[in-house]
Amino acid sequence: MTSTTHLAAGLTAGHRERLMRVAREVSFDTGTRLFDEGMRADRFWIVRTGTVALDLHIPGRKAAVVETLGHGELVGWSWHFAPYVWHLGAEAVTPVRAHEFDAEAVRAMCLRDPEFGRAIADWVGRVVAHRLQATRVRLLDLYGPYGSGSGL
């Protein structure tokens with residue numbers, strides 16, 4: 001089963017094709033920070049190959065990895081919501097090849113074509129919901145007195 005965070009499950013073929021027309025291929029070496037919490041969210045990525053870890057800054061502790069993303073998954077959702085500031089951080093865990101998108105250009109496409117815009121908003125909204133749940137479970141596992149309870 002394909003997660004809603006995957007491009008193939010998130011958008012119709014027509015909307016995927018339209019989005020991919022503005023993609024640029026990029027690569028990241030292992031250990032490269034794609035973004036940090038609080039930075040300006042001006043782009044996003046779809047992973048082609050490799051693995052990206054999403055992490056959450058926790059004062060006085062090492063950043064907690066809340067989810068690991070791979071092939072076909074959306075990296076970044078903060079670009080879609082004002083004030084366009086990253087809510088998590090992201091780092092390449094392995095060498096990564098990805099499609100990169102200019103956030104401003106995609107937001108402009110969404111405004112010009114309301115159907116496309118609704119499809120993007122629905123997909124990104126489902127990704128946000130998934131990431132919030134993943135973050136909740138991970139933080140309970142790390143810091144809750146009994147973990148997430150998902151194994152009970």
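Excluded from the calculations below are hydrogen atoms, water molecules and symmetry mates; all remaining heavy atoms, backbone and side chain alike, are included.
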Enquirer: Just verifying a value: how many Å separate Thr30 OG1 and Glu91 CD, rounded to the nearest 0.5 Å?
Expert: 9.0 Å
Enquirer: Taking the side chain as every heavy atom from C-beta outward, state whether Trp77 and His87 have any atom pair closer than 4.5 Å.
Expert: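 The answer is yes; the side chains approach within 4.5 Å.
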Enquirer: Could you go through the side chain to side chain contact (heavy atoms under 4.5 Å, CB included) check for Trp123 and Leu74 one step at a time?
Expert: CA-CA 10 Å; Trp123 178 43; Leu74 173 65; 3.7 Å; yes
Enquirer: Please walk me through it: do Leu56 and Glu37 pass side chain to side chain contact (heavy atoms under 4.5 Å, CB included)?
Expert: CA-CA 8 Å; Leu56 180 65; Glu37 289 176 66; 3.9 Å; yes
Enquirer: Considering residues at least two apart in sequence or located in another chain, which fulfil the ring pair (Phe, Tyr, Trp, His ring centres under 6.0 Å) criterion with His15?
Expert: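 His15: ring pair (Phe, Tyr, Trp, His ring centres under 6.0 Å) contacts with Phe116.
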Enquirer: Please check: side-chain N/O of His99 versus main-chain N/O of Arg24, any donor-acceptor pairing under 3.5 Å?
Expert: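 No; zero donor-acceptor contacts below 3.5 Å.
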Enquirer: Any idea which heavy atoms bring Asp36 and Arg33 closest together, and the distance?
Expert: OD1-NH2, 2.6 Å
Enquirer: Report the distance from atom OG1 of Thr51 to atom CD of Glu73, rounding to the nearest 0.5 Å.
Expert: 9.5 Å
Enquirer: Indicate the atoms forming the closest heavy-atom contact of Cys110 with Gly117, along with that distance.
Expert: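 Looking at all heavy atoms of both residues, the shortest contact is CB-CA, 3.6 Å.
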Enquirer: So, do Phe28 and Val52 sit near enough that their side-chain heavy atoms are less than 4.5 Å apart?
Expert: no
Enquirer: Would you find a donor on one side and an acceptor on the other, under 3.5 Å apart, between the side chain of Thr94 and the backbone of Gly50?
Expert: no
Enquirer: Please check if Tyr84 and Leu34 belong to a single hydrophobic cluster, counting links between Ile, Leu, Val, Met, Phe, Trp and Tyr side chain heavy atoms closer than 4.5 Å.
Expert: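 Shared cluster, no.
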Enquirer: Considering all heavy atoms of both residues, which atom of Val93 and which atom of Ala53 are nearest to each other, and what is their separation?
Expert: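 Between these two residues, the closest heavy atoms are CG2-CB, 3.4 Å.
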Enquirer: Hey, does Phe101 have a side-chain heavy atom less than 4.5 Å from the side chain of Val22?
Expert: yes
Enquirer: Do the side chains of Asp122 and Arg126 get close enough for a salt bridge, i.e. N-O under 4.0 angstrom?
Expert: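 The answer is yes: the pair qualifies as a salt bridge.
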Enquirer: Considering all heavy atoms of both residues, which atom of Glu67 and which atom of His130 are nearest to each other, and what is their separation?
Expert: OE2-NE2, 2.7 Å
Enquirer: Could you tell me which non-hydrogen atom of His80 sits nearest to which non-hydrogen atom of Val124, and how far apart they are?
Expert: CB-CG1, 3.9 Å
Enquirer: Under 3.5 Å, side chain of Arg107 to main-chain N/O of Trp79, donor-acceptor pair present?
Expert: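 Checking the backbone N and O of Trp79 against the side chain of Arg107, a donor-acceptor pair under 3.5 Å is found.
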Enquirer: Would you say that Val106 contacts Phe44 through its side chain, given a criterion of any heavy-atom pair below 4.5 Å between the two side chains?
Expert: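 SC-SC contact between Val106 and Phe44 confirmed.
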Enquirer: Are Val85 and Val75 connected into the same hydrophobic cluster when the rule is that any two of I, L, V, M, F, W, Y join if their side-chain heavy atoms are below 4.5 Å apart?
Expert: no
Enquirer: Quick one: closest heavy-atom pair of Ala90 and Asp55, and the distance?
Expert: N-OD1, 4.1 Å
Enquirer: To the nearest 0.5 Å, what is the distance between NE2 (His71) and CZ (Arg97)?
Expert: 10.5 Å
